[in-house]
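In what follows, a structure is listed as structure tokens, so that the remarks can point back to it.
These figures come from a predicted structure and were not determined experimentally.
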Amino acid sequence: MTATMPEVSECTVAGCSYNHDGCHAFAITVSGANGSADCGTFIPLSTKGGLDRVVAQVGACSRVDCVHNSSLECTATGVRIGAGAGGHDANCLTYEQG
């Protein structure tokens with residue numbers, strides 16, 4: 001069975017190495033246990049990384065309390081990544097506590 005992973009439809013985190021005109025990581029991991037859903041792939045370096053041409057996807061989600069999480073896989077149609085509450089640099093803004 002081939003699973004379709006949701007795309008990272010938007011990333012507004014200017015300080016991430018993978019974000020240059022959109023997310024250039026092959027896949028991201030959503031993690032965090034501090035009340036927010038952090039982008040675990042966030043790397044705050046000035047060196048740009050990732051692939052030249054890519055549609056970034058959600059590879060894994062460890063936020064089991066999210067309504068979009070099913071067996072550690074994201075079931076949302078797409079996710080948005082951006083600055084979150086409490087000064088977190090990169091959060092999954094699609095996260096919804098269930």
Locate the shortest heavy-atom distance separating [X] from [Y]; write the atom from each residue and the value.
| X | Y | value |
| --- | --- | --- |
| Ala76 | Pro6 | O-CB, 3.0 Å |
| Ser31 | Gly40 | OG-CA, 3.6 Å |
| Ser62 | Leu72 | CA-CD2, 4.2 Å |

Can you name the residues that form a side chain to side chain contact (heavy atoms under 4.5 Å, CB included) with [X], not counting sequence neighbours?
| X | value |
| --- | --- |
| Glu7 | Val55 |
| Thr29 | Thr41, Ala60 |
| Thr75 | His68, Ser70 |

Got a sec, which pairs hit salt bridge (Lys or Arg N to Asp or Glu O under 4.0 Å) with one end in residues 42-61, sequence neighbours left out?
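Pairs touching residues 42-61 that pass the test: none.
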All side chain to side chain donor-acceptor pair (under 3.5 Å) counterparts of Asp89, not counting sequence neighbours:
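Per chain and number, Asp89 pairs via side chain to side chain donor-acceptor pair (under 3.5 Å) with no residue.
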Do the side chains of Val58 and Ile81 join up, straight or via other hydrophobic residues, at under 4.5 Å, putting them in one cluster?
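In one cluster: yes.
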Does Ser9 reach the main-chain N or O of Val79 with its side chain, forming a donor-acceptor pair under 3.5 Å?
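Yes; judged by distance alone, with no hydrogens or angles, the pair exists.
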Given 3.5 Å as the limit, does a donor-acceptor pair link the side chain of Asp38 with the main chain of Val30, or not?
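Not confirmed, Asp38 side chain does not pair with Val30 backbone.
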Side chains of His24 and Leu51: closer than 4.5 Å at any heavy-atom pair?
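Contact flag for His24/Leu51 side chains = no.
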Inter-residue atom distance [X].[atom1] - [Y].[atom2], 0.5 Å rounding:
| X | Y | atom1 | atom2 | answer |
| --- | --- | --- | --- | --- |
| Phe42 | Cys23 | CZ | SG | 12.0 Å |
| Ile28 | Cys11 | CD1 | SG | 8.0 Å |
| Asn91 | Cys39 | CG | SG | 9.0 Å |

Please collect all side chain to side chain donor-acceptor pair (under 3.5 Å) contacts where either partner lies in residues 10-21, sequence neighbours excluded, each pair once.
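Applying side chain to side chain donor-acceptor pair (under 3.5 Å) to every pair that reaches into residues 10-21, excluding sequence neighbours, yields Glu10-Arg80.
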